[in-house]
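Chain naming here is simple, since letters A, B, ... match the order of the sequence lines and numbering starts at 1 in each.
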Number of protein chains: 2
Amino acid sequence: MNEIKGINLAKHNETYQDGTPILVAVDNVIFGFDPVEEKLKVLLFKRQVEPQAGNWSLIGSFVQSDESAELASQRILTKFTGLTDVFLEHFNTYSDIDRDPGARVISLGYYSLIRIDEQKEELVQSFHAQWFHIDEIPDLVIDHNQMILDALHTLQNESRRKPIGFNLLPEKFTIPKLLKLYQEILQAPLDDRNFRKKILSAGYLDRLDSKDKSTSKKGAYHYQFNIEAYFDLVKKGYSLVLP
Amino acid sequence: MNEIKGINLAKHNETYQDGTPILVAVDNVIFGFDPVEEKLKVLLFKRQVEPQAGNWSLIGSFVQSDESAELASQRILTKFTGLTDVFLEHFNTYSDIDRDPGARVISLGYYSLIRIDEQKEELVQSFHAQWFHIDEIPDLVIDHNQMILDALHTLQNESRRKPIGFNLLPEKFTIPKLLKLYQEILQAPLDDRNFRKKILSAGYLDRLDSKDKSTSKKGAYHYQFNIEAYFDLVKKGYSLVLP
DNA sequence: CCAAAAGTGTTTGTTATACACCCATGT
DNA sequence: ACATGGGTGTATAACAAACACTTTTGG
């Protein structure tokens, strides 16, 4: 760096010509909650191009010149699951110069929360994509294992403060399912009585008259997330806090 | 999108040739705490290239092929302030296709926390850079006003859970200064007795024997942040929580 | 001696935690 | 009638919030 001898000498007049175009990709950590196994899973597929073709990988794509990164991430999510209007957020950027052995690629990490029951199963299968439990992620391509860790931490932090977990459940769900989901996300047991108390006392869950009898003889009441009620509460300063 | 007629038809075999290189920039929201005015400020400079030359702007640069985005952000911070080893974190990515009228540029937002008293004032001046109070940010180039808002929200959220505020203060500081800093960051008054109780009971602030008599006749004790003590506490599960 | 900022404790209310039993029902 | 998961309440502890006075000392 140049020494500055006096005042008014320095310039910072980089132009667009001074920039070097770089390949930019999005990688999508797609989370789903398996309603049968009651496990939090991530959708992976086998990379089809060299280097490292055949290895498990996150689902990603290059950002094209006519689309934003968000759109690229949505595009690839829709391609693999058939879903649109999905919770999808940026969580980190990966820019080490040697991270991708194939080329200099800056990768934007997104994570999405989908309802496994709404995905197009045949689409997922047609790409040879598979759901992996977060405890059983295989060795992935490049830095994708790190990306999943980062996405999971973001999901955990966000889940403790905002009710985003509902994006992983069907419209109608039961409290026992919701509890299991939160235990999976936070990877820690939660006291069921205290959990019920906190989540129900907030007032944004509507109990329906119907019950889910698939897991017990007594049956568990269906609940629905009431987003208007939630927004009203947020306006008044409410925020969820889980341990 | 193609309809899938059967299983095993779909491909996702994008190669590096399918990517379009894009200009990638970093923009740095440089925060400083003015020790005299006791105000949280952001460092801005007048853009020197078209379009919008002469307008106030964040300090940014293109990411070059031989550097990571973090490094680019550090580089530009050092160029303007002379500082190295500074708190610097990515907070968001801006990728709308029309955001920059000069070219398609994806911008990575970083924010940094510096000690104003350690910066090289003559360097800052030589770039015609100026510190602006966060309540008095002028109209900025492109989407830089939004970036400052996003960075401030990130800073607020992080400050509530981690003691990163110390990066904005000199090594030795007083509790009244620390309180003022937190009130500036959170843009809300804090009760001084409760604040003292919480911050001192944690045990990672070492009181020195010296006093700062610049703001009162009685003088306020100097304190120092003890990072080892803090890390030990974090290992045991401690986390700061401010209202 | 007094103005101005620094420093200190207590009470009260709220929230978190820990914990155990009854309920409903299909088989 | 009983096994299975669903649903409920209470007592205690910990923490947050509200609040006012004393201390120090340079001028």
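- Counting to the nearest Å, the C1' atom of C:dC23 and the NZ atom of A:Lys211 are 9 Å from each other.
- We find that CD1 of A:Ile199 is positioned 15 Å from C1' of C:dA16, with the value rounded to whole Å.
- Here C:dC19 is the nucleotide among D:dC19, C:dA6, C:dC19 with the atom lying nearest to any side-chain atom of A:Asp191.
- The distance between atom CG of B:Leu178 and atom C1' of C:dA6, rounded to the nearest whole Å, is 15 Å.
- Distance alone, capped at 3.5 Å, is enough to place a donor-acceptor pair between the A:Asn145 side chain and the A:Pro138 backbone.
- The pair A:Asp117-A:Arg115 does not meet the salt-bridge criterion, since no charged nitrogen lies less than 4.0 angstrom from a carboxylate oxygen.
- With rounding to whole Å, A:Leu200 atom CG is found 13 Å from D:dG6 atom C1'.
- A donor and an acceptor atom never sit less than 3.5 Å apart when one is taken from the side chain of B:Asp192 and the other from the base of C:dA6.
- Here B:Phe225 and B:Phe173 keep their ring centres 6.0 angstrom or further from each other.
- The distance between atom CG of B:Leu242 and atom C1' of D:dC15, rounded to the nearest whole Å, is 14 Å.
- For A:Arg193 against C:dA20, a side-chain-to-base donor-acceptor contact under 3.5 Å is present.
- Counting atom types as modelled, B:Lys197 pairs a side-chain N or O with a base atom of C:dT10 as donor and acceptor under 3.5 Å.
- The shortest distance between the side-chain N/O atoms of B:Thr215 and the OP1/OP2 oxygens of C:dA4 is not below 4.0 Å.
- A donor-acceptor pair under 3.5 Å is absent between the side-chain atoms of A:Asp206 and the main chain of A:Gln224, judged by distance alone.
- In this structure, A:Tyr221 atom OH and D:dG5 atom C1' are separated by 15 Å, rounded to whole Å.
- Of the candidate nucleotides D:dA17, C:dA5, C:dC19, C:dC19 has the atom lying nearest to any side-chain atom of A:Asn194.
- Along DNA chain C, the nucleotide nearest to B:Tyr223 and the one nearest to A:Lys217 differ in position, and the one closer to the 5' end is contacted by B:Tyr223.
- Atom CZ in A:Phe195 sits roughly 18 Å away from atom C1' in D:dG9 (whole-Å rounding).
- Looking at heavy-atom distances under 4.0 Å, A:Lys213 makes contact with sugar-phosphate atoms alone, never a base.
- Between A:Leu179 atom CG and D:dG6 atom C1' the separation is 12 Å, expressed in whole Å.
- Out of C:dT17, C:dT8, D:dG7, the shortest distance to the side chain of B:Arg207 is found at C:dT8.
- Geometrically, B:Lys211 engages B:Tyr221 in a cation-pi contact, judged by NZ or CZ lying under 6.0 Å from the ring centre and within 45° of the ring axis.
- On a pure distance criterion of 3.5 Å, no polar donor-acceptor pair joins the side chain of A:Lys218 and the base of C:dA24.
- Nearest nucleotide to the A:Arg196 side chain, out of D:dC19, C:dT17, D:dT8: D:dT8.
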